[in-house]
Amino acid sequence: MTKAEFITELEFILNVAEGSLTDNLPLETLKTWDSVGKLSVLTLFAEIGLNLKVDQLRSCQTVAELISLADSRLS
């Protein structure tokens, strides 16, 4: 999966407009960054072969931090 594909998947999961997730966007500003959204993001990470702990996801404050966690699996 490429970085662009990962971001597209995040946009779909978090139900936001295409192109609206910028690196510095605070996740807490998203209405869908709730328990269901976080669980869906954990599932996305599992799909790319990364089994994150909840604490790892909880520590992410921005989109860039999510991408950084996935970086080793993105092309």
Side-chain angles (χ1 to χ4, degrees):
M1 179 178 289
T2 66
K3 178 182 174 182
E5 291 168 334
F6 183 78
I7 292 170
T8 298
E9 288 294 319
L10 282 175
E11 290 169 340
F12 177 77
I13 288 169
L14 297 173
N15 196 30
V16 297
E18 185 177 329
S20 65
L21 292 182
T22 59
D23 284 348
N24 294 322
L25 179 72
L27 295 168
E28 292 298 324
T29 64
L30 300 171
K31 289 180 182 179
T32 53
W33 188 246
D34 55 12
S35 58
V36 174
K38 290 174 185 174
L39 192 62
S40 298
V41 170
L42 281 173
T43 301
L44 174 60
F45 275 94
E47 288 174 5
I48 63 170
L50 289 172
N51 294 315
L52 296 184
K53 295 184 175 160
V54 174
D55 289 341
Q56 288 175 288
L57 186 64
R58 197 177 291 148
S59 71
C60 290
Q61 301 297 314
T62 65
V63 172
E65 290 173 351
L66 288 177
I67 294 168
S68 179
L69 284 177
D71 194 48
S72 67
R73 298 292 182 152
L74 303 177
S75 55

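These figures come from a predicted structure and were not determined experimentally.
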Exercise for the section: Indicate if M1 and F12 have the same hydrophobic cluster label, given that clusters are the connected sets of ILVMFWY residues with side-chain heavy-atom separations under 4.5 angstrom. Expected result: no

Completion exercise
T32 meets the side-chain contact (heavy atoms from CB on, under 4.5 Å) criterion, sequence neighbours left out, with L14, N15, L30

Completion exercise
residues 43-75 vs ring pair (Phe, Tyr, Trp, His ring centres under 6.0 Å), sequence neighbours excluded, gives F6-F45

Exercise for the section: Mind checking side-chain contact (heavy atoms from CB on, under 4.5 Å) for S59 and listing every partner two or more places apart, or none if nothing turns up? Expected result: none

Exercise for the section: Please confirm whether the backbone N or O of V16 pairs with a side-chain atom of S20, one donor and one acceptor, at under 3.5 Å? Expected result: no

Exercise for the section: Going by the side chain to side chain contact (heavy atoms under 4.5 Å, CB included) test, name the single residue among L52, N51, L50 that passes it with L42. Expected result: L52

Problem - Pairs touching residues 30-51 that satisfy salt bridge (Lys or Arg N to Asp or Glu O under 4.0 Å), sequence neighbours left out - result: none

Practice task
Measure the shortest side-chain to side-chain distance between N24 and V63 over non-hydrogen atoms and say whether it is less than 4.5 angstrom.
Solution key: no

Completion exercise
Tightest non-hydrogen contact, residues W33 and V41, listed as CZ3-CG2, 3.9 Å

Problem - Spacing of CD belonging to E65 relative to CG belonging to L57, to within rounding of 0.5 Å - result: 10.5 Å

Handout entry: Partners meeting side-chain contact (heavy atoms from CB on, under 4.5 Å) with S68 (sequence neighbours left out)
Key = none

Exercise for the section: Assess whether side-chain contact (heavy atoms from CB on, under 4.5 Å) is satisfied between D23 and T62, documenting all intermediate values. Expected result: CA-CA 7 Å; D23 284 348; T62 65; over 6 Å; no

Practice task
Please answer whether the main-chain N or O of L44 pairs with a side-chain N or O of E9 as donor and acceptor at a distance below 3.5 Å.
Solution key: no

Handout entry: Under 3.5 Å donor-acceptor, T43 side chain and L39 backbone
Key = yes

Problem - Any residue meeting side chain to side chain donor-acceptor pair (under 3.5 Å) with D55, in chain and number order, not counting sequence neighbours - result: R58

Completion exercise
Interatomic distance, CG@L66 vs CG@L21, rounded to 0.5 Å, equals 9.0 Å

Handout entry: Candidate pair K3 and I67, rule side-chain contact (heavy atoms from CB on, under 4.5 Å), full reasoning
Key = CA-CA 8 Å; K3 178 182 174 182; I67 294 168; 3.9 Å; yes

